[in-house]
Amino acid sequence: MSRKPIIAGNWKLNLTVDEGVALVQALAAPAAASKAEVVVCPTALGVHAVAKAAAGTAIGVGGQNCHWEEKGAFTGEISASLLKAAGAKYVILGHSERRQFFAETDETVNKRLKAVLAQGLIPLVCIGETLAERDGGKLEEILSRQVKGALAGFTAAQLSTLVIAYEPVWAIGTGRTASTQQAQDAHAFVRSVLRGIVGGLADAVRIQYGGSVKADNAKELLSQPDVDGALVGGASLKAADFTAIIAAA
Ligand code: PEP
């Protein structure tokens with residue numbers, strides 16, 4: 001089955017609103033020329049202005065996280081409906097930095113996913129093992145637990161827009177990349193887990209690879225049959241670097 005590649009930039013805690021707007025303007029032409037779906041995820045503060053700047057281009061905008069409640073006494077949080085109103089179409093969920101620094105669990109990812117799907121936003125659900133887990137032979141156990149935990153209670157029909165981002169924690173921001181074979185093997189395994197949950201829809205779910213994706217390794221990673229795009233951190237912050245990755249797709 002052919003799946004449209006999705007290349008998403010996770011800007012994390014970087015770029016002012018003006019810098020984000022300038023970056024999206026610089027990416028407009030490369031995104032229009034690409035066969036891939038191109039997404040940028042600014043800070044919550046930047047979503048509105050960046051989405052405005054991206055309007056009419058081939059670039060979609062996403063949030064980096066959202067709370068499961070829609071509104072109320074949750075100081076410092078933003079909701080899926082606020083992201084949508086600001087112009088977002090995507091939301092990253094369960095990024096390993098959220099799991100590591102902000103106590104995100106499979107259970108809270110599942111709650112956030114419910115809120116994101118209720119707003120008709122496209123979720124990019126992040127999963128991935130630590131080096132200790134991989135070295136301890138627990139890769140499949142961890143990936144299986146994370147996928148099943150995040151997707152618990154949903155029907156296949158509800159998950160029709162789901163995107164999974166496989167991001168080995170040891171490859172994020174470290175300059176270390178999974179080998180193409182490691183990436184392909186993990187993606188094929190994740191797809192087999194998905195098949196057990198959503199049946200035939202598993203062949204349509206896009207699975208992005210993330211972890212030190214750069215211009216010089218993107219093409220090889222993206223050539224793997226089960227690698228349907230990339231979630232890019234550091235290399236999404238400069239127009240030239242991200243453009244090269246978009247072009248590789
Ligand atoms: C990420 O933040 O999801 C990521 C993969 O970061 P980097 O590309 O910098 O490793």
Side-chain angles (χ1 to χ4, degrees), residues 6-31 34 36-55 57-67 76-80 82-83 86-104 112 116 121-126 128 163 165-177 208-218 221 229-249:
I6 173 165
I7 307 294
N10 174 13
W11 294 354
K12 309 191 187 188
L13 185 48
N14 295 293
L15 304 182
T16 64
V17 172
D18 290 347
E19 287 167 342
V21 167
L23 180 51
V24 92
Q25 286 165 345
L27 294 171
S34 173
E37 196 167 315
V38 177
V39 180
V40 296
C41 301
T43 64
L45 202 60
V47 166
H48 186 245
V50 171
K52 242 176 145 179
T57 75
I59 302 169
V61 175
Q64 297 177 10
N65 184 33
C66 71
H67 194 52
E77 292 294 328
I78 57 163
S79 63
L82 286 180
L83 280 170
K89 294 204 170 69
Y90 303 80
V91 188
I92 297 171
L93 293 175
H95 190 280
S96 66
E97 288 152 16
R98 301 290 323 167
R99 294 178 191 257
Q100 188 181 349
F101 303 125
F102 302 100
E104 191 80 68
R112 294 178 210 276
V116 165
L121 297 170
I122 298 174
L124 313 181
V125 175
C126 300
V163 177
Y166 167 63
E167 302 202 298
V169 177
W170 47 272
I172 296 179
T174 59
R176 283 184 66 179
T177 320
Q208 302 174 292
Y209 172 78
S212 298
V213 176
K214 308 261 182 281
D216 59 4
N217 59 21
L221 284 161
L231 181 55
V232 185
S236 71
L237 296 173
K238 289 203 179 116
D241 295 346
F242 199 50
T243 296
I245 295 169
I246 293 169

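Values below: every heavy atom of this structure, side chains too, minus hydrogens, waters and symmetry copies.
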| Distance, nearest 0.5 Å, that separates CG of Asn10 from CD of Glu167 | 7.5 Å
| request: Report the C-alpha distance between Ile92 and Leu231 in whole Å, list the side-chain angles of each, state the deciding distance to 0.1 Å, and finish with yes or no for side chain to side chain contact (heavy atoms under 4.5 Å, CB included). | output: CA-CA 10 Å; Ile92 297 171; Leu231 181 55; 4.2 Å; yes
| message | Please give me the minimum heavy-atom distance between Gly62 and Val47, naming the atom from each residue. | response | O-CG2, 4.0 Å
| task | Go through the steps to decide whether Arg112 and Asn65 satisfy the test side chain to side chain contact (heavy atoms under 4.5 Å, CB included), and finish with yes or no. | result | CA-CA 8 Å; Arg112 294 178 210 276; Asn65 184 33; 3.4 Å; yes
| said: Taking Ile6's backbone N and O only, do any of them form a donor-acceptor pair with Gln208's side chain (distance below 3.5 Å, no angle check)? | reply: yes
| field | Test side chain to side chain contact (heavy atoms under 4.5 Å, CB included) applied to Val213 and Ile245, step by step | value | CA-CA 8 Å; Val213 176; Ile245 295 169; 4.2 Å; yes
| Short side-chain to backbone donor-acceptor contact, Gln64 and Val91, under 3.5 Å | no
| said: Has Ser212 got a side-chain atom pairing as donor or acceptor with Thr177's backbone, closer than 3.5 angstrom? | reply: no
| Looking at CD of Gln100 and CD1 of Ile172, how far apart are the two atoms once the value is rounded to the nearest 0.5 Å? | 9.0 Å
| task | Side-chain contact test, heavy atoms from C-beta onward, threshold under 4.5 Å: evaluate it for Pro42 versus Val61 and give yes or no. | result | yes
| query | Rounded to the nearest 0.5 Å, how far does CD1 of Ile78 lie from CG of Leu45? | reply | 10.0 Å
| With side chains defined as the heavy atoms from C-beta onward, is the minimum distance between Glu19 and Trp11 less than 4.5 Å? | no
| query | Who are the salt bridge (Lys or Arg N to Asp or Glu O under 4.0 Å) partners of Lys12, not counting sequence neighbours? | reply | Glu97
| query | Any side-chain heavy-atom pair from Val38 and Leu27 closer than 4.5 angstrom? | reply | no
| said: Rounded to the nearest 0.5 Å, what separates atom CG in Leu93 from atom CZ in Arg98? | reply: 10.5 Å
| field | Between SG on residue Cys66 and CG on residue Leu83, distance to nearest 0.5 Å | value | 6.0 Å
| query | Can you name the closest pair of heavy atoms from Val169 and Gly128 and give their distance? | reply | CG2-O, 3.9 Å
| query | Under 3.5 Å, is there a donor-acceptor pair between the side chain of Ser34 and the main chain of Pro30? | reply | no
| request: Any chance you could lay out the side chain to side chain contact (heavy atoms under 4.5 Å, CB included) test for Thr57 and Val24, step after step, and finish with the verdict? | output: CA-CA 9 Å; Thr57 75; Val24 92; 5.7 Å; no
| Taking everything shown except Lys214 itself, do over 12 heavy atoms lie less than 6.0 Å from its NZ? | yes
Donor-acceptor pairs are to be reported for all side-chain atoms of residues 236-244 against protein atoms at under 3.5 Å, with residues two or more places apart or in another chain.
unit_1, atom_1, unit_2, atom_2, d
Ser236, OG, Val232, O, 3.2
Ser236, OG, Gly233, O, 2.7
Thr243, OG1, Ala239, O, 2.6

| message | Quick one: does any side-chain atom of Arg99 pair with a main-chain N or O of Cys126 as donor and acceptor, under 3.5 Å? | response | yes
